[in-house]
Amino acid sequence: MSLKAAILALALLAITGAQADVSAQQVADVVWNYFTQLTGNAKETMEQIQQSEISKQLNTLFQDNLQNVNSYAGDLQKKLIPFATELHAKLSQDSEKLKEQIRKELEDLRLKLSPYADEVHQQISKNIQDLQLKLSPYAEELRGQVNQNADLLRKQLAPYAQELRDKLQENVDGLQAALAPYAEQLQEQIDKNVADMKEKLAPLADELQVKIDQNVEELRKQLAPYAQDVQDKLNRQLEGLSFQMKKGAEDLRAKLSESAEELRLKLNPYAEELKEKLRTDAEGLRQSLGPYVEGLSGQMEQKIEEFRQTMGPYGEAFNKQLVQKVEEMKQKLGPYAGEVEDHLGFLEKDVRDKVASFFSTIKQIEN
């Protein structure tokens with residue numbers, strides 16, 4: 001992804017979010033994504049980018065989101081732009097400092113744990129096994145929910161195709177008037193079912209975050225006896241682990257919502273096409289509707305099946321991702337881990353914490 005593409009993506013974010021208030025997560029996303037994009041480009045490219053660019057992008061985001069809301073919004077924008085711009089400016093410097101700090105902390109932690117290497121290895125392995133057992137039902141539940149919702153959507157949409165066939169055969173006169181309600185009902189049914197699906201799937205991510213908290217806390221208790229003098233360093237690593245795992249849960253939530261929305265966008269054209277055909281002259285209506293109605297049910301079922309096939313494995317993939325994070329922790333704490341480049345995860349957590357704290361402070365002042 002080119003730097004220009006990244007800047008364009010930020011501009012699109014500002015446009016698409018124009019109907020909602022700016023959130024701490026949005027601001028953190030802009031700052032962090034911009035930072036990672038810059039650090040991924042060649043040095044000479046970075047030198048060409050002026051600090052004013054991030055300010056420009058943030059201004060666009062905030063102005064589009066906060067315009068015409070209230071005086072609080074204007075005040076927030078004035079405070080937020082300098083804060084976010086300064087935060088971005090410090091990231092490169094903070095990144096190098098944090099990298100060295102994390103390296104030193106890990107070195108001290110490994111040294112302290114080295115006499116108990118086998119016990120630590122066993123405790124983390126046990127934690128991984130427990131995590132797999134806890135997560136397994138959620139993967140099955142997600143797959144079951146996806147299958148159930150897909151089947152329900154299929155069953156609720158199927159009658160429309162059959163009713164359209166019946167009306168097509170029954171009505172010689174007044175065909176347009178007879179079929180018009182079905183076009184609206186089909187559209188409403190698609191929108192309602194997809195909205196219901198999103199609502200049913202969303203709680204899974206919340207439940208997973210609770211399980212993550214429980215698992216990390218159990219790991220903390222299991223390792224605490226071996227890290228009595230370096231507990232703060234162990235806590236730092238576990239906080240980083242928790243952040244990465246919860247970020248995975250948020251990504252899962254976003255994927256579920258995005259996939260459901262994609263399904264809605266794939267199904268909506270069938271209702272729109274029916275509405276369009278009903279606008280044609282009555283004489284050619286029956287001829288144009290015949291092939292459309294015959295293929296309607298099969299085409300919608302195909303889209304729903306594609307959705308089911310795509311979303312079904314999300315749970316298993318998410319479980320593997322979480323287990324992999326704990327496996328990486330086991331490798332990091334081992335005596336032969338070598339250099340570990342994971343400071344960016346801690347830096348991202350710090351950025352998001354600072355943005356959230358800023359928003360919290362502003363709200364307290366306002367109240």
Side-chain angles (χ1 to χ4, degrees), residues 98-142 203-255 314-354 356:
L98 187 61
K99 181 178 180 180
E100 178 58 26
Q101 183 180 349
I102 295 299
R103 186 198 65 76
K104 182 66 169 62
E105 286 185 1
L106 261 178
E107 187 177 293
D108 293 344
L109 188 56
R110 284 192 203 117
L111 183 64
K112 178 65 178 180
L113 296 176
S114 58
Y116 317 103
D118 290 341
E119 291 93 332
V120 169
H121 187 278
Q122 289 172 6
Q123 291 289 358
I124 300 180
S125 296
K126 181 180 181 299
N127 185 269
I128 290 172
Q129 292 174 355
D130 292 343
L131 179 62
Q132 289 172 320
L133 289 173
K134 290 175 183 176
L135 292 178
S136 181
Y138 287 94
E140 290 301 318
E141 183 179 353
L142 175 57
L204 283 173
D206 295 329
E207 294 174 21
L208 285 167
Q209 291 211 4
V210 172
K211 292 298 179 185
I212 289 170
D213 282 336
Q214 292 174 352
N215 192 77
V216 172
E217 183 57 32
E218 287 172 7
L219 185 57
R220 188 193 312 276
K221 291 177 181 178
Q222 290 165 343
L223 298 181
Y226 311 107
Q228 292 181 3
D229 298 332
V230 287
Q231 190 65 51
D232 57 333
K233 296 178 175 63
L234 176 62
N235 288 342
R236 162 95 84 152
Q237 290 297 320
L238 292 175
E239 286 170 5
L241 174 65
S242 177
F243 171 74
Q244 292 297 329
M245 294 173 78
K246 287 185 174 181
K247 184 180 175 184
E250 285 301 321
D251 290 343
L252 176 65
R253 186 202 303 275
K255 282 183 179 180
Y314 276 0
E316 287 87 349
F318 173 74
N319 288 0
K320 289 179 181 177
Q321 179 186 0
L322 291 195
V323 169
Q324 179 61 31
K325 293 298 180 185
V326 187
E327 286 280 4
E328 290 172 2
M329 169 69 76
K330 183 168 68 174
Q331 296 300 322
K332 281 199 299 182
L333 298 182
Y336 308 110
E339 284 295 319
V340 181
E341 292 284 342
D342 68 342
H343 66 288
L344 288 179
F346 292 96
L347 189 63
E348 181 181 0
K349 179 181 182 299
D350 186 51
V351 167
R352 295 187 181 279
D353 287 346
K354 285 178 178 176

**Counterpart residues, salt bridge (Lys or Arg N to Asp or Glu O under 4.0 Å), relative to Glu328 (two or more places apart)** = none

**Item:** Flag side-chain contact, heavy atom, 4.5 Å: Val120 against Ile124
**Value:** yes

**Prompt:** Can you tell if the side chain of Leu98 reaches within under 4.5 Å of the side chain of Asp350, non-hydrogen atoms only?
**Reply:** no

**Message:** Rounded at 0.5 Å granularity, tell me how far CG in Leu241 sits from CD in Gln237.
**Reply:** 9.0 Å

**Message:** Test salt bridge (charged side-chain N to carboxylate O under 4.0 Å, His left out) on Glu239 and Arg236; report intermediate values, then the result.
**Reply:** CA-CA 5 Å; Glu239 286 170 5; Arg236 162 95 84 152; over 6 Å; no

**Prompt:** What residues, two or more places apart in sequence or in another chain, satisfy salt bridge (Lys or Arg N to Asp or Glu O under 4.0 Å) together with Lys134?
**Reply:** Glu218

**Fill in**
Sorted by chain and number, sequence neighbours left out, side-chain hydrogen bond (donor to acceptor under 3.5 Å, both in side chains) with Asn319 holds for none

**Item:** Any Val210 side-chain heavy atom under 4.5 Å of Gln214 side chain
**Value:** yes

**Prompt:** In chain order, what residues pass the side chain to side chain contact (heavy atoms under 4.5 Å, CB included) check against Lys320, with sequence neighbours excluded?
**Reply:** none

**Message:** Assess the residue pair Leu333 and Leu223 against the criterion (side chain to side chain contact (heavy atoms under 4.5 Å, CB included)); give the C-alpha distance rounded to whole Å, side-chain angles, the decisive distance to 0.1 Å, and a yes or no.
**Reply:** CA-CA 11 Å; Leu333 298 182; Leu223 298 181; 4.2 Å; yes

**Complete:** Residue set satisfying side chain to side chain contact (heavy atoms under 4.5 Å, CB included) with Asp108, at least two apart, ordered chain then number -> Lys104, Lys233

**Item:** Asp229: side-chain hydrogen bond (donor to acceptor under 3.5 Å, both in side chains) partners, not counting sequence neighbours
**Value:** Lys112

**Asked** Measuring from Leu142:CG to Tyr314:OH, what's the distance to the nearest 0.5 Å?
**Response** 9.5 Å

**Item:** Contacts of type ring pair (Phe, Tyr, Trp, His ring centres under 6.0 Å), residue Tyr226, not counting sequence neighbours
**Value:** Tyr116

**Prompt:** In Å, rounded to the nearest 0.5 Å, how long is the span from CG of Asn127 to CD of Gln222?
**Reply:** 5.0 Å

**All pairs passing side chain to side chain donor-acceptor pair (under 3.5 Å) where residues 240-250 contributes a residue, at least two apart** = Gln209-Glu250, Asp213-Lys246, Lys247-Glu348, Glu250-Arg253

**Check: Leu322 and Lys211 side chains under 4.5 Å, non-hydrogen atoms** = no

**Asked** Is Lys255 salt-bridged to Asp251, cutoff N-O under 4.0 Å?
**Response** no

**Message:** I'd like to check the side-chain hydrogen bond (donor to acceptor under 3.5 Å, both in side chains) partners of Gln231; sequence neighbours left out, ordered by chain and number.
**Reply:** Asn235

**Item:** Point-to-point distance, once rounded to the nearest 0.5 Å, from CG of Leu208 to CG of Asn215
**Value:** 11.5 Å

**Request:** Can you run down the salt bridge (charged side-chain N to carboxylate O under 4.0 Å, His left out) pairs that involve residues 116-132, sequence neighbours left out, and say none if there aren't any?
**Result:** Lys126-Asp130

**Item:** From CD (Gln324) to CD1 (Ile128), nearest 0.5 Å
**Value:** 9.0 Å

**Item:** Gap between atom CG of Leu113 and atom CD of Gln123 - 0.5 Å precision
**Value:** 11.5 Å

**Prompt:** Can you name the residues that form a side chain to side chain contact (heavy atoms under 4.5 Å, CB included) with Glu207, not counting sequence neighbours?
**Reply:** Tyr138, Glu141, Pro203, Leu204

**Asked** Who passes side chain to side chain contact (heavy atoms under 4.5 Å, CB included) against Ser125, sequence neighbours left out?
**Response** His121, Lys330

**Request:** Taking all non-hydrogen atoms of both residues into account, name the closest pair between Ala139 and Gly315 and its distance.
**Result:** CB-C, 3.8 Å

**Complete:** Of all heavy-atom pairs linking Ala205 and Ala249, the shortest is CB-O, 3.8 Å

**Audit row: Gln101, Phe346, side chain to side chain contact (heavy atoms under 4.5 Å, CB included) steps and yes/no** = CA-CA 11 Å; Gln101 183 180 349; Phe346 292 96; over 6 Å; no

**Item:** Shortest non-hydrogen separation from Leu234 to Ala227 and the atoms involved
**Value:** CD2-CB, 4.0 Å

